[in-house]
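One structure is given here, and the rest of the page talks about it.
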Amino acid sequence: DVVLTQTPSTLSATIGQSVSISCRSSQSLLDSARNTYLYWYLQRPGQSPQLLIYLVSNLGSGVPNRFSGSGSGTDFTLKISGVEAEDLGVYHCMQATHAWTFGGGTKLELK
Amino acid sequence: QVQLKESGPVLVQASETLSLTCTVSGFSLTTFGVIWVRQPPGKGLEWMAIIWNNGNTDYNSTLKSRLSIDRDTSKSQVFLKMNSLQTDDTAIYYCTREDYWGQGVMVTVSS
């Protein structure tokens, strides 16, 4: 089974700071059709996850452009360019190339 | 607009069978697959099962022997059944289309 390792597990940031979260896969997420099914979600306290990024780097509907995704193969990154208060919560990466698995989550909190 | 809503019992006895329903609107189950994901309190997300748009199904290998997923396209409903419940099955159960998630239903398994 594919294992996704997210780092860091906790991230402390000030408002306006830019931060990055890493998601590493135990195997390549590139499929035979050359698609990479890597997603990023934000789960605010008490809420269900909401889609931020799909297919590595595509912004979800209504998602602010301070969020960006990058990477390929086994290494992926979510960047927030200028953290805002509404961005606090737990970030999850998910792969859907080899069934589905989730990373362990990264909690973004205020410093 | 696209919506998914989970329903089911909030309390189940250990060794019993859990039956959950996901009612969707704003899209057809013959166009999009639906996935079940669970999240134990304070923990990460775990994929459980998917029913594809063509009706085919796939299961998490660690849960496969206990799960059954089905649908009624005329009612826009997806059903998940899990047997032999234990206390560590206590979790929030979500249905999702990957880009949209339901609010989740908290299920507690009592011994």
Side-chain angles (χ1 to χ4, degrees), chain A residues 1-10 21 23-27 29 31 35-63 67 69 89-109, chain B residues 1-8 10 20-27 32-53 56-65 67 69 78 80 91-107:
Chain A
D1 291 359
V2 173
V3 176
L4 296 182
T5 302
Q6 275 184 248
T7 55
S9 56
T10 304
I21 300 170
C23 179
R24 289 189 169 175
S25 175
S26 60
Q27 46 183 287
L29 300 183
D31 77 354
N35 295 311
T36 302
Y37 295 95
L38 190 283
Y39 300 74
W40 290 95
Y41 298 92
L42 166 60
Q43 187 174 26
R44 297 188 177 100
Q47 296 186 15
S48 55
Q50 64 174 87
L51 180 68
L52 298 173
I53 302 286
Y54 64 97
L55 298 178
V56 180
S57 60
N58 295 278
L59 214 55
S61 176
V63 176
F67 291 94
V90 179
Y91 288 80
H92 304 275
C93 58
M94 180 192 82
Q95 70 81 23
T97 299
H98 310 285
W100 287 260
T101 48
F102 293 87
T106 295
K107 184 177 182 179
L108 177 61
E109 57 186 23
Chain B
Q1 78 263 32
V2 173
Q3 290 186 324
L4 301 92
K5 186 172 184 179
E6 306 86 350
S7 58
V10 296
L20 297 172
T21 300
C22 175
T23 303
V24 310
S25 59
F27 69 98
F32 290 89
V34 170
I35 299 164
W36 284 95
V37 173
R38 70 178 180 176
Q39 185 174 36
K43 296 189 177 181
L45 299 162
E46 179 183 35
W47 168 65
M48 300 179 72
I50 183 173
I51 187 159
W52 297 90
N53 61 324
N56 289 346
T57 60
D58 282 304
Y59 298 95
N60 183 322
S61 57
T62 63
L63 299 170
K64 185 174 183 177
S65 63
L67 290 177
I69 189 170
V78 175
L80 183 74
I92 300 174
Y93 288 78
Y94 297 101
C95 58
T96 173
R97 203 185 78 167
E98 288 183 347
D99 51 350
Y100 291 89
W101 292 62
Q103 63 192 19
V105 57
M106 177 67 203
V107 177

**OP:** Just give me the residue among A99(A), P49(A), G105(A) that pairs up with chain B most often, heavy atom to heavy atom, under 4.5 Å.
**Re:** P49(A)
Subject >> Flag if over 12 foreign heavy atoms under 6.0 Å of CG, N56(B) >> reply: yes
**OP:** Pick one of side chain, backbone, both or neither for E98(B), based on which atoms fall under 4.5 Å of a heavy atom in chain A.
**Re:** both
Original post:
Where on Q43(A) is there a heavy atom nearer than 4.5 Å to chain B: the side chain, the backbone, both, or neither?
Top reply: side chain
**OP:** Can you label the angle between the W101(B) ring and the Y41(A) ring as parallel, tilted or perpendicular, going by 30° and 60°?
**Re:** perpendicular
**OP:** Would you indicate whether the side-chain heavy atoms of Y54(A) and D99(B) approach each other to under 4.5 Å?
**Re:** no
**OP:** Specify the closest pair of heavy atoms between F102(A) and W47(B), including all atoms of both residues, with the distance to one decimal.
**Re:** CE1-N, 3.9 Å
Subject >> Toward chain A, the part of I35(B) with a non-hydrogen atom under 4.5 Å >> reply: side chain
Original post:
Non-hydrogen atoms of chain A under 4.5 Å away: do they reach the side chain of T96(B), the backbone, both or neither?
Top reply: neither
